[in-house]
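Read the structure below first, then the notes.
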Amino acid sequence: MSVSLFNTATRTIEAFKPLDPAGRMVKMYTCGPTVYNFAHIGNFRAYIFEDLLQRHLEARGFEVERVMNLTDVDDKTIAGCKKCGVPLADFTAKFKAAFFEDLQALRIKPAAHYPAATAPEYIARMIEMIQTLQSQDVSYKADDGSVYFRIAKFPRYGQLAHLNLDELRPSGRIQNDEYEKEAIGDFALWKAWNADDGDVWWESPWGRGRPGWHIECSAMATALLGPELDIHCGGVDNIFPHHEAEIAQSECVTGRHFSRYWLHCAHLMVEGQKMAKSAGNFYTLRDLLEKGYTGREIRYVLLSVHYRLPLNFTLSGLDAARTALVRIDAWLERLGALAGTVPAAETAAEPAMSRFLEALDEDLNISGALGQLFDWIRDSNRAMDAGQLTPAAAARTLADFAVLNSILEIDADKASIPDAVLGLVQERQAAREGKDWGRSDQLRDAVAALGWQVKDTKQGPQITRI
RNA sequence: GACGGGGUAGCCAAGUGGUAAGGCCGAGAUCUGCAAAAUCUCCGUUCGUGGGUUCGACUCCCGCCCCCGUCUCCA
């Protein structure tokens with residue numbers, strides 16, 4: 001078994017092999033959020049893809065050290081704090097906190113490090129890197145006081161995106177500004193302070209200013225993971241220019257190949273259209289939670305389409321996810337009731353489990369993997385219907401599922417049921433045994449009034465949140 | 001214009017040379033005090049389209065149509 005991944009740099013699926021001579025440690029860098037607003041579900045699609053990647057690598061025996069940066073200074077964060085009339089750090093702190101809450105709601109495994117661009121050690125590192133670039137003559141200070149990277153000095157610029165820079169169509173954004181630059185494609189390493197920046201600035205050898213976006217990632221990635229990464233992830237829209245710029249800066253500074261594998265996640269569409277505030281189809285995670293969907297349902301939807309395909313996000317898709325998850329829950333409850341406290345049979349893992357993992361080995365083929373899971377559920381239910389599954393076999397299946405769930409994290413929330421509800425349900429069971437249906441229905445209403453629903457199943461009452 | 005990603009049942013979506021996984025919806029059955037849920041079964045002669053290669057193509061080749069994205073600080 002080996003894990004294969006599609007590498008944007010080569011446009012092929014390659015066997016994954018980390019730099020670590022022991023083949024165990026994996027250094028992974030993932031471009032994180034710009035904390036000027038609540039993150040939207042498109043952002044989270046990328047983070048969930050990265051989470052799946054990390055968890056599957058771990059299931060396959062790798063040890064993953066992942067970094068996710070927080071961009072807490074750029075045009076948008078500065079504009080935001082000015083509008084609110086608060087200091088930049090106060091403005092971004094709110095969205096950083098919200099971001100971590102959202103990650104938890106979506107069950108995304110925490111990264112090892114969450115460096116913030118404005119942390120003094122990283123600002124210092126950025127300045128140091130720019131100084132190195134300056135000394136190599138691959139960057140220059142322009143008339144406006146900003147420092148730019150001279151892409152003419154880095155012939156490989158454009159290689160990741162497979163762009164021929166001479167053929168780029170100038171877009172509106174670059175036609176009307178940036179005239180201080182030598183070449184239209186040169187990008188800012190250090191942006192000189194201007195009045196719009198207010199009190200957001202740092203001292204540097206080139207005067208007051210702030211770092212460019214690209215150098216932030218290069219500095220944080222190399223500071224925490226060293227000069228050479230195994231995997232660098234992001235959304236497809238980051239390929240050009242952001243990741244090209246990271247490669248150019250980092251490789252000029254370190255003299256090393258920056259990242260061995262580049263993985264990019266496709267965009268998310270909503271109801272068949274590009275998600276945009278103007279189209280009225282823009283969702284933050286919070287918007288969906290308010291509609292009554294759970295983090296796990298949203299996670300399932302974002303997880304269930306292959307990361308390199310555009311994902312068409314719809315509310316009916318969320319409803320479908322809810323139904324599918326209920327089916328998994330029912331299966332697990334049924335297995336649990338059968339297994340009781342019997343230890344798992346000491347047999348090899350279910351063949352379905354091997355097939356599940358093998359599907360994910362192939363560039364995270366999640367559809368194939370989920371297909372295996374549902375086949376497994378049907379076969380297992382059939383066996384239970386026929387009374388052919390032993391408690392030990394059921395326990396075995398549950399043990400295998402735990403491995404699967406360590407990758408997908410889709411099991412039911414372990415909601416703690418209040419004692420008051422449990423008491424009413426017990427009372428109701430007694431009434432039902434006495435065939436006192438009137439009393440039973442009354443108690444069901446009482447439970448509902450507390451926000452819970454009782455369903456009578458073969459295994460006894462099932463209590464869920466309404 | 002350049003560079004990408006797609007078009008498989010009502011919806012979502014695997015497969016990529018040997019005769020269409022899986023999920024949702026829908027239908028039937030089982031279970032059931034009621035309600036709800038659950039379980040099982042069924043549900044495409046066909047893979048955008050026109051050619052070609054082949055004993056055989058959704059899968060390879062050529063042409064065409066349509067959708068989506070990126071093109072200098074959007075995941």
Side-chain angles (χ1 to χ4, degrees), chain A residues 8 11 30-34 39-50 71 74-76 151 158 161-171 173-174 178 181 183-188 191 212-217 233-242 244-245 264-269 272-276 300-301 304-306 308-314 316-317 319-327 329-331 333-334 359 365-375 377-378 381-382 384-386 432 435-438 440-441 444 453-459 462 464:
Chain A
T8 304
R11 304 245 167 120
T30 51
C31 281
T34 299
H40 58 69
I41 53 172
N43 297 308
F44 287 115
R45 191 219 178 165
Y47 306 143
I48 282 182
F49 142 63
E50 290 152 3
T71 298
D74 79 323
D75 292 347
K76 286 180 298 226
I151 61 170
H162 295 239
L163 287 179
N164 179 344
L165 299 177
D166 300 333
E167 292 176 1
L168 290 187
R169 167 185 284 188
S171 72
R173 195 158 24 183
I174 60 171
E178 311 281 17
K181 297 190 289 192
I184 208 160
D186 290 351
F187 56 87
K191 302 184 89 156
W213 178 42
H214 311 308
I215 197 74
E216 294 179 10
C217 279
C233 300
V236 283
D237 50 332
N238 278 157
I239 297 173
F240 191 86
H242 184 53
E244 291 285 0
H264 294 98
C265 179
H267 272 273
L268 174 144
M269 315 272 288
Q273 294 189 303
K274 185 173 181 175
M275 182 166 71
Y300 183 87
V301 168
S304 59
V305 174
H306 185 85
R308 283 192 287 118
L309 293 179
L311 187 162
N312 186 20
F313 185 91
T314 62
S316 64
D319 293 333
R322 173 171 293 176
T323 312
L325 287 168
V326 163
R327 195 160 148 222
D329 295 345
W331 174 59
E333 276 176 36
R334 199 175 172 193
N365 180 355
I366 187 66
S367 299
L370 288 173
Q372 293 300 334
L373 170 60
F374 284 101
D375 277 344
I377 290 174
R378 194 189 54 244
N381 275 324
R382 269 193 203 133
M384 283 191 277
D385 282 351
R432 293 185 73 235
K435 297 199 187 294
D436 183 351
W437 308 125
S440 165
D441 289 348
R444 180 159 61 202
Q453 184 178 24
V454 198
K455 292 169 190 166
D456 301 311
T457 72
K458 272 185 191 166
Q459 285 83 34
Q462 183 191 333
T464 52

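Worth knowing before you read on, the calculation uses all heavy atoms, side chains too, and leaves out hydrogens, waters and symmetry mates. Computed from a predicted model, the values in this text were never measured in an experiment. Here is the naming used below: chain letters follow the sequence lines, and residue numbers restart at 1 for every chain.
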Q | Nearest-angstrom distance from the residue atom CD1 of A/I366 to P of B/G23 | A | 15 Å
Q) Are any non-hydrogen side-chain atoms of A/L268 and A/F313 less than 4.5 angstrom apart? A) yes
Q | Assigned partner base of B/G1, Watson-Crick or wobble definition, under 3.5 Å | A | B/C71
Q | A/C233 vs A/F49 side-chain heavy atoms within contact, under 4.5 Å | A | yes
(Q) Is there aromatic stacking of A/F374 on B/G22 here, judged by a ring-centre distance under 5.5 Å and a plane angle under 30°? (A) no
Q) Over how many whole Å does the gap from A/R432 atom CZ to B/C34 atom C1' extend? A) 9 Å
Q) Checking all strands, does A/H267 fall into the base, sugar-phosphate, or nothing category for heavy-atom contacts under 4.0 angstrom? A) base
Q) Out of A/L311, A/V236, A/L309, which one pairs with A/H267 under the side chain to side chain contact (heavy atoms under 4.5 Å, CB included) rule? A) A/V236
Q.
With rounding to the closest Å, how many angstrom separate the P atoms on B/C47 and B/A37?
A. 37 Å
Q) Under 3.5 Å, is there an N or O donor on one side and an acceptor on the other linking the side chain of A/S440 and the base of B/G33? A) yes
(Q) Categorize A/G317 for me: base, sugar-phosphate, or nothing, with a 4.0 angstrom heavy-atom threshold over every strand shown. (A) nothing
Q) With a 4.0 Å cut-off on heavy atoms, is A/G42 in touch with a base, just the backbone sugar-phosphate, or nothing at all? A) base
Q.
Give me the distance, rounded to whole Å, that separates B/G15 from B/A2 when you measure between the C1' atoms they each carry.
A. 32 Å
(Q) Can you measure A/H162 atom NE2 to B/G4 atom P for me and round it to whole angstrom units? (A) 7 Å
Q) What nucleic acid atoms does A/K435 come within less than 4.0 Å of, heavy atoms only: base, sugar-phosphate, or nothing? A) nothing
Q.
Let me spell it out: for each of A/M269 and A/Y300, pick the nucleotide of RNA chain B with the closest heavy atom. Which residue's pick is nearer the 5' end?
A. A/Y300
Q: Please state the P separation for the pair B/C24 and B/C40 - nearest whole angstrom.
A: 10 Å
(Q) By the 4.0 Å heavy-atom rule, please label A/T71 as base, sugar-phosphate, or nothing. (A) nothing
Q: Please state whether the base of B/G33 and the side chain of A/D441 form at least one donor-acceptor pair under 3.5 Å?
A: yes
Q) Side chains of A/D385 and A/R334: does their closest heavy-atom pair fall under 4.5 Å? A) yes
**Q.** A/D385 CG to B/U30 P, straight-line distance once rounded to whole Å
**A.** 14 Å
Q.
Can you check the distance between B/G22 and B/C43, where both ends of the measurement are the P atom (answer in whole Å)?
A. 11 Å
(Q) Between A/N381 and B/A38, is there a contact of a side-chain N or O with OP1 or OP2 at under 4.0 Å? (A) no
Q. 5'-most contact on RNA chain B: A/G438 or A/A321, nearest heavy atom basis?
A. A/A321
Q: Name all residues meeting the side chain to side chain donor-acceptor pair (under 3.5 Å) criterion together with A/S440; count only those two or more places apart in sequence or in a different chain, and write none if there are none.
A: A/R428
Q.
What is the separation between atom CH2 on A/W213 and atom C1' on B/C74, rounded to the nearest whole Å?
A. 7 Å
Q | Contact pattern, 5' to 3', of nucleotides 7-21 of chain B - B, S or - by protein heavy atom under 4.0 Å | A | ------SSS-----B
Q: Using whole Å, report how far CH2 of A/W437 lies from C1' of B/A36.
A: 15 Å
Q: Mind calculating the distance between CD (A/Q453) and P (B/A36) to the nearest angstrom?
A: 10 Å
Q: Tell me, please, which residues at least two apart from A/D319 pass side chain to side chain donor-acceptor pair (under 3.5 Å).
A: A/Y293
(Q) With rounding to the closest Å, how many angstrom separate the P atoms on B/C65 and B/U53? (A) 24 Å
**Q.** Who pairs with B/C60 - Watson-Crick or G-U, where each distance is under 3.5 Å
**A.** B/G52
(Q) Please give the distance between the C1' atoms of B/G7 and B/C64 as a whole number of Å. (A) 14 Å
Q: Determine, for A/D375 against A/R378, whether the closest basic-nitrogen to carboxylate-oxygen distance falls under 4.0 angstrom.
A: yes
Q) Does A/R444 place a side-chain N or O at less than 4.0 Å from the phosphate oxygens OP1/OP2 of B/A35? A) no
Q) Below 3.5 Å, does any donor atom in the side chain of A/R334 face an acceptor in the base of B/A38, or the other way round? A) no
Q) At under 4.0 Å between heavy atoms, what does A/V326 touch on the DNA or RNA strands: base, sugar-phosphate, or nothing? A) sugar-phosphate
Q | G-U wobble or Watson-Crick pairing nucleotide for B/A38 (cut-off 3.5 Å, both distances) | A | B/U30
Q: Report yes if at least one side-chain N or O of A/R308 is closer than 4.0 Å to OP1 or OP2 of B/G4; otherwise report no.
A: no
(Q) With heavy-atom distances below 4.5 Å as the criterion, would you say the side chains of A/W331 and A/N381 are in contact? (A) yes
Q.
Just to be sure I understand the rule, does A/A359 reach a base, reach only the sugar-phosphate, or reach nothing, if contact means heavy atoms closer than 4.0 Å?
A. nothing
Q) Can you tell me how far C1' in B/U32 sits from the matching atom in B/U45, rounded to whole Å? A) 40 Å
Q) Looking only at side-chain N and O atoms, does A/R382 come under 4.0 Å of OP1 or OP2 in B/U39? A) no
**Q.** Pairwise C1' distance, B/U54 and B/C62 [rounded to whole Å]
**A.** 16 Å
Q: Return the value, rounded to whole Å, for the distance between atom CG of A/D186 and atom C1' of B/U72.
A: 10 Å
